> 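My structure is below; once you've seen it, I'll send some questions.
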Amino acid sequence: MDPIAHVQTAGGSYPVLCGDDAPALLAQLWDARWRQAALIGDSNTLPRFGPALAAALAPRCGEVLQLSFPAGEAHKTRATKQQLEDSLLAAGFERGACVVGVGGGIALDVAGFVASTLLRGVAHVNVATSLLAQVDAAIGGKTGVNTAQGKNLIGTFHQPRAVVIDCAALASLPAAELRNGLAEAVKHAVLADASLFAALEAWADARVGDAPLPRPLLARCVQIKAEVVSRDEREQAFRQVLNFGHTVAHAIEAASAHAVAHGAAVAIGMVVEARVAERLCGLPVADRERLQRLLAALGLPTAPPLPFAAARELLGHDKKTRAGVVHCALPERLGRMHEAAGRWTLPTPIELLAELWEPVR
Ligand code: GLY
């Protein structure tokens with residue numbers, strides 16, 4: 001099957017494959033030099049997807065290990081990473097091994113982080129089973145874990161050798177999980193493609209129940225993510241556009257002890273940051289209103305569930321903060337992010353975030 005996108009990196013490029021038969025796709029891309037495989041997922045994803053993937057690899061690979069850790073942001077920790085590493089070392093894994101991350105964003109971030117430091121780095125492949133991972137987390141090589149101070153503050157860039165998008169997995173994805181991924185799909189449209197935004201609006205209006213994102217729209221989201229990463233692999237500047245909504249989102253997630261899921265927090269974050277964009281870089285009010293309408297039509301929240309005071313301190317822990325000043329990546333209209341002198345984020349006064357946290361009545 002032909003890849004739907006390629007990601008260009010300093011070390012070459014890697015394909016993103018998409019289909020209903022993820023085990024066959026994994027077997028198709030498997031490099032015969034990878035003699036050991038470790039399938040790493042969480043306690044939800046690994047039991048579900050691991051056995052079929054392991055069976056597909058068995059004829060191609062001497063040893064296939066399946067390792068899981070408890071599901072949830074609370075387990076995306078250094079302690080989990082250490083346990084996985086200890087298991088791999090105890091099993092005698094060598095440099096020629098390949099780690100296969102299986103699942104959503106959390107599983108892939110942890111598996112990639114393990115791969116990036118095990119024996120100073122082994123190959124890894126991502127098999128993405130949630131929409132959020134498919135349009136975002138699986139692509140681009142960001143790995144990491146959370147700490148008490150915030151999300152993903154410890155981690156690495158370690159590009160996978162390939163990404164498999166398991167479309168069949170979407171059929172049974174819980175509706176809340178589907179919505180989490182839709183928030184990132186909307187984000188991609190805002191930052192790069194006004195016609196994708198219009199297509200999402202049309203789909204949201206015509207949608208029945210929790211129908212999954214149509215494949216052409218999913219593929220366009222994947223291509224946008226691949227294009228952004230290909231242009232700025234290590235987030236020197238341009239890749240920061242992917243952080244639209246995330247400065248606020250990460251603070252909400254941490255302040256709520258992850259009771260607010262990532263996609264929901266991104267939806268809220270995009271609305272708050274869009275209000276900031278109206279003030280700082282001229283985002284038309286009508287564009288912000290369309291964004292808010294689309295998110296609501298997709299069943300996503302658009303208002304912070306906690307007061308500004310609860311998030312204030314955490315906003316400063318964002319990785320884009322410079323000299324103590326919070327920075328946001330902001331759209332200047334649907335389909336285009338603000339850039340000035342090669343910078344893709346704007347210093348954002350904390351007082352402005354406080355003022356715009358809630359809708360202006
Ligand atoms: N999820 C944001 C990024 O990959 O840069």
Side-chain angles (χ1 to χ4, degrees), residues 5-10 13-14 16 73 76 101 103-113 115-116 124-126 128-146 150-163 165 177 180-193 218 220-254 258 261-270 273 317-321 327-331 337 339 343-345:
H6 286 277
V7 182
Q8 309 297 328
T9 66
S13 83
Y14 60 89
V16 183
E73 290 281 354
K76 188 181 173 184
I106 296 172
L108 302 189
D109 281 6
V110 171
F113 195 14
S116 73
H124 84 284
V125 169
N126 283 331
T129 63
S130 76
L131 182 63
L132 189 143
Q134 294 173 355
V135 298
D136 192 27
I139 303 159
K142 276 192 180 175
T143 81
V145 294
N146 304 331
K151 278 198 66 158
N152 302 332
L153 294 180
I154 306 288
T156 56
F157 286 100
H158 187 65
Q159 298 294 340
R161 301 294 179 91
V163 175
I165 291 186
E177 286 295 327
N180 279 327
L182 290 173
E184 296 285 1
V186 171
K187 181 197 78 180
H188 287 332
V190 173
L191 67 90
D193 190 341
L218 187 150
R220 181 66 193 123
C221 290
V222 167
Q223 284 153 8
I224 290 170
K225 176 78 196 251
E227 284 159 18
V228 172
V229 173
S230 298
R231 194 166 145 187
D232 178 15
E233 183 185 339
R234 296 180 74 89
E235 202 169 293
Q236 300 299 304
F238 180 62
R239 185 169 172 169
Q240 289 179 335
V241 298
L242 294 168
N243 273 281
F244 171 48
H246 282 59
T247 307
V248 167
H250 286 164
I252 289 176
E253 288 177 82
H258 301 291
H262 182 63
V266 168
I268 297 161
M270 286 194 288
E273 293 184 23
H317 293 164
D318 185 74
K319 288 191 282 308
K320 298 182 296 305
T321 296
H327 281 63
C328 293
L330 299 172
M337 295 299 279
E339 183 258 337
R343 289 191 186 277
W344 292 89
T345 60

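If you read the sequence from its start, that first residue is 1, and numbering goes on from there. Bear in mind that the values here come from a model prediction, so they are computed numbers and not experimental data. No hydrogens, no waters, no symmetry mates; every other heavy atom, side chains included, goes into these values. Whatever order the structure lists them in is the order used to number ligands and atoms, beginning at 1.
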> Is the side chain of Asp109 donor-acceptor paired with the backbone N or O of Val145 at a distance under 3.5 Å, no angle test?
no
> Are side-chain heavy atoms of Asn243 and Glu235 found at a separation under 4.5 Å?
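Yes - at least one pair of side-chain heavy atoms lies under 4.5 Å apart.
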> Under a 4.0 angstrom heavy-atom cut-off, which atoms of ligand 1 come close to Glu235?
5 (O)
> Do His250 and His262 have side chains that approach each other closer than 4.5 Å (heavy atoms only, starting at C-beta)?
yes
> Pick one of side chain, backbone, both or neither for how His246 approaches ligand 1, counting any non-hydrogen atom pair under 4.0 Å.
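Near ligand 1, His246 shows nothing, with every heavy atom at 4.0 Å or more.
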> If we only count heavy atoms from C-beta on, is the Val229 to Gln159 side-chain gap below 4.5 Å?
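Yes, close enough: below the 4.5 Å cut-off.
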> Assess Glu184 for proximity to ligand 1: is some non-hydrogen atom of it under 4.0 Å away?
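Contact absent.
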> What atoms of ligand 1 come closer than 4.0 angstrom to any heavy atom of Lys142?
2 (C), 3 (C), 4 (O), 5 (O)
